[in-house]
Engineer: 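Quick one: the structure is below, questions incoming.
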Amino acid sequence: MENRPAQTDSESRRLQSAFSELLLAWYRASCRKLPWRGVEDPYAILVSEVMLQQTQVRTVIPYYERWMKRFPTLETLAEADEGEVLKAWEGLGYYRRARLLHAAAQMVTSEFGGRFPSDPETIASLPGVGPYTLAALASIAFGHAMPVVDGNVIRVLTRWFGIRGVPSRLPARREIAETARRLVPREAPGDFNQALMELGAMVCLPRRPCCLLCPVRRGCAAYAEGAQARFPEAAPPKAVIRQFEYAGLVIREGKVLLCRRGDGGRMERLWQFPSVLLPKESKKWSARWKSKYGALKETVPLTVLNYSVTNHRIRLELHQIEKFQRYKLPSAHWVPLAEAPKLAFTAAHRKLADRFLTGADRLHPAEPWKNDR
DNA sequence: AACGCGGGGGC
DNA sequence: GCCCCAGCGTT
């Protein structure tokens, strides 16, 4: 199957040469005003690009504003401690991004004397900077003609050029990358790249694209065939894994028992209530909880919360534990209630904390039990 | 080359 | 409910 537009070759070439100019003109006339648009500081651009990895603009905006207020320069970020960095990222997800961004700031400070590198190879060596972020930084901040390929670009190019195949697989991926490379102009590559992404975000939508508003609908293979919905080809969905989490709320003497998640696995270094994760719903959860944290008595069910982590669907039950005997505390700490809001929680446990920790010292403090100290 | 990783928004 | 999102690092 040929991957090219439905027009003749000469017609196709003519339309392709007009593609960049029409797209740029559209972008300059009607792009959104975003907090990082028009910014020249490479650090600020890096922050925005890392936040925008797999995260929608709408979600990123408030985080970006707060972040730049708290860490206005590369140095302030480099000097910050990890807890504060994670707190600023709390709720944004993919928490590894925050730690890699932190590491990148420290690397620029320590290895490049605080001067942000401008050559692509050095930019690529920064933690958390992959092919996309490299191209975005290089083109937007430094004017290098490097092609960005993100979800928006994949959708626009597969539709316009009628590129078949699942984009995450090599044949289609290679063709998309090559197409993007051919299109990116020497002049204003940063604007062009942003224009391509803006088109994908505002016009060439995953479902119900607004083709009548599209500046480049002439020449679009999918539009010509009415086949917008077939591009890009979807990969088979991943199986959903169901899990059941049981968390305990233990409060005593104005302190709450909290755990910090370890390295590796998900949501590294974030805080949560002590909990166990089981593959099945079970009334015997407390036995598992006991072997992990300590003996418990007189539990009171408080609430149920459903949430998801990638392809895991988790039903989370929170139980108040009135009597608790600690004998294992691998990663658990007694945290003063006033300190809990300052810690970075996972989103699900943050919801529990906001609901059950505020003013909790005035409720039912758990009682000492047995020889617990 | 495939997989794991968050959370929210839109329909 | 399901799909998607300005991807990256690891295996």
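The model shown is predicted, which means the values in this text are computed figures rather than measured ones. Each chain gets a letter, A, B and so on, in the order the sequences are listed, and its residues count up from 1.
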Engineer: Do any side-chain nitrogens or oxygens of Arg208(A) fall under 4.0 Å of OP1 or OP2 in dG10(B)?
Structural biologist: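 It does not, given that no N or O in the side chain of Arg208(A) lies less than 4.0 Å from OP1 or OP2 of dG10(B).
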
Engineer: Hey, does the side chain of Arg217(A) reach the backbone of Cys214(A) with a donor-acceptor pair shorter than 3.5 angstrom?
Structural biologist: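 Yes; at least one donor-acceptor contact below 3.5 Å.
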
Engineer: Does dG9(C) have a Watson-Crick or wobble partner in any strand here, with both distances under 3.5 angstrom, and which is it?
Structural biologist: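 Checking every strand shown, dG9(C) finds its partner in dC3(B), with both distances under 3.5 Å.
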
Engineer: Pick the C1' atom in dC11(B) and in dA6(C), then give their distance to the nearest Å.
Structural biologist: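 One C1' to the other, the span is 22 Å.
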
Engineer: Quick check: on DNA chain B, is the nucleotide nearest Tyr63(A) upstream (toward 5') of the one nearest Arg173(A), or the reverse? Name the residue that is more 5'.
Structural biologist: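 Its nearest nucleotide being more 5', the pick is Arg173(A).
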
Engineer: Distance under 6.0 Å and angle within 45° of the ring axis: does Arg66(A) meet both against Tyr63(A)?
Structural biologist: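 Judged by the rule (NZ or CZ under 6.0 Å from the ring centre, within 45° of its axis), Arg66(A) counts as positioned above Tyr63(A).
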
Engineer: Between P on dG9(B) and CG on Leu92(A), what's the gap in Å once rounded to a whole number?
Structural biologist: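 Going from CG in Leu92(A) over to P in dG9(B) covers 12 Å.
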
Engineer: Atom CD of residue position Glu233(A) - does it have more than 12 heavy atoms of other residues, nucleotides or ligands inside 6.0 Å?
Structural biologist: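 Yes, because the 6.0 Å sphere around CD of Glu233(A) holds more than 12 heavy atoms from other groups.
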
Engineer: Would you say a side-chain N or O of Lys351(A) is under 4.0 Å from OP1 or OP2 of dG8(B)?
Structural biologist: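 For dG8(B), OP1 or OP2 has a side-chain N or O of Lys351(A) closer than 4.0 Å.
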
Engineer: Using a cut-off of 4.0 Å on non-hydrogen atoms, how would the nucleic acid contact of Tyr307(A) be classed: base, sugar-phosphate, or nothing?
Structural biologist: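 No contact.
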
Engineer: Starting at atom CD1 of Ile314(A), determine the distance to atom C1' of dC5(B), rounded to an integer number of angstrom.
Structural biologist: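 Ile314(A) atom CD1 is separated from dC5(B) atom C1' by 12 Å.
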
Engineer: Atom CG of Asn311(A) to atom P of dC3(C): distance rounded to whole Å?
Structural biologist: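 Whole-Å distance recorded here is 13 Å.
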
Engineer: To the nearest angstrom, how far is Arg58(A) atom CZ from dC11(B) atom P?
Structural biologist: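 Result: 9 Å.
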
Engineer: Whole angstrom is fine here: how far is it from CD in Glu90(A) over to P in dG6(B)?
Structural biologist: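 After rounding, the gap between these two atoms is 14 Å.
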
Engineer: Please work out if Arg313(A) contacts a base, only the sugar-phosphate, or nothing of the nucleic acid, heavy-atom cut-off 4.0 Å.
Structural biologist: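 The answer is sugar-phosphate, as Arg313(A) gets under 4.0 Å only of primed atoms, P, OP1 or OP2.
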
Engineer: Using a cut-off of 4.0 Å on non-hydrogen atoms, how would the nucleic acid contact of Ala347(A) be classed: base, sugar-phosphate, or nothing?
Structural biologist: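 Sugar-phosphate contact only.
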
Engineer: If you count the non-hydrogen atoms of other residues, nucleotides and ligands that lie under 6.0 Å from CZ in Arg115(A), is the total more than 12?
Structural biologist: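 Not buried by this count: 12 neighbours or fewer within 6.0 Å.
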
Engineer: What's the gap between dC8(C) and dG8(B) when it is taken at their P atoms, as a whole Å value?
Structural biologist: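 Their P atoms lie roughly 22 Å apart.
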
Engineer: When clusters are formed by joining ILVMFWY residues with side-chain heavy atoms under 4.5 Å apart, either directly or through shared neighbours, do Leu77(A) and Leu100(A) land in the same one?
Structural biologist: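 In one cluster: no.
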
Engineer: Rounded to whole angstroms, how far apart are NE2 on His312(A) and C1' on dC5(B)?
Structural biologist: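 Whole-Å distance recorded here is 10 Å.
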
Engineer: Scan nucleotides 6-11 of chain C nucleotide by nucleotide, 5' to 3', and note B when protein non-hydrogen atoms come under 4.0 Å of the base, S if they reach only the sugar-phosphate, - if neither.
Structural biologist: BBBS--

Engineer: Side chains of Arg97(A) and Gln53(A): any donor to acceptor distance under 3.5 Å?
Structural biologist: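 Result is no, nothing qualifies.
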
Engineer: Can you tell me the distance, in whole Å, between the CD atom of Gln228(A) and the P atom of dC3(C)?
Structural biologist: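 The distance from CD of Gln228(A) to P of dC3(C) comes to 20 Å, rounded to the nearest Å.
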
Engineer: Measure the distance from CG on Leu205(A) to P on dC5(C) and round it to the nearest whole Å.
Structural biologist: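 One finds 10 Å between P of dC5(C) and CG of Leu205(A), rounded.
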
Engineer: Would you mind classifying the nucleic acid contact of Met51(A) as base, sugar-phosphate or nothing, using non-hydrogen atoms under 4.0 angstrom?
Structural biologist: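 Result for Met51(A) = nothing.
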
Engineer: Choosing from dC5(B), dC3(B), dG10(B), which nucleotide comes nearest the side chain of Thr310(A)?
Structural biologist: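 So the side chain of Thr310(A) is nearest to dC5(B).
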
Engineer: For the residue pair Phe161(A) and Phe19(A), does the interplanar ring angle fall in the parallel (under 30°), tilted (30 to 60°) or perpendicular (over 60°) class?
Structural biologist: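 Rings of Phe161(A) and Phe19(A): tilted, 30 to 60°.
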
Engineer: Ring centroids only, cut at 6.0 angstrom: are Phe244(A) and Trp285(A) within range, meaning strictly under it?
Structural biologist: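 Ring centroids of Phe244(A) and Trp285(A) are no less than 6.0 Å from each other.
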
Engineer: If you pin Arg169(A) and Ala348(A) to their nearest nucleotides in DNA chain B, which one's is more 5'?
Structural biologist: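 Of the two residues, Arg169(A) wins.
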
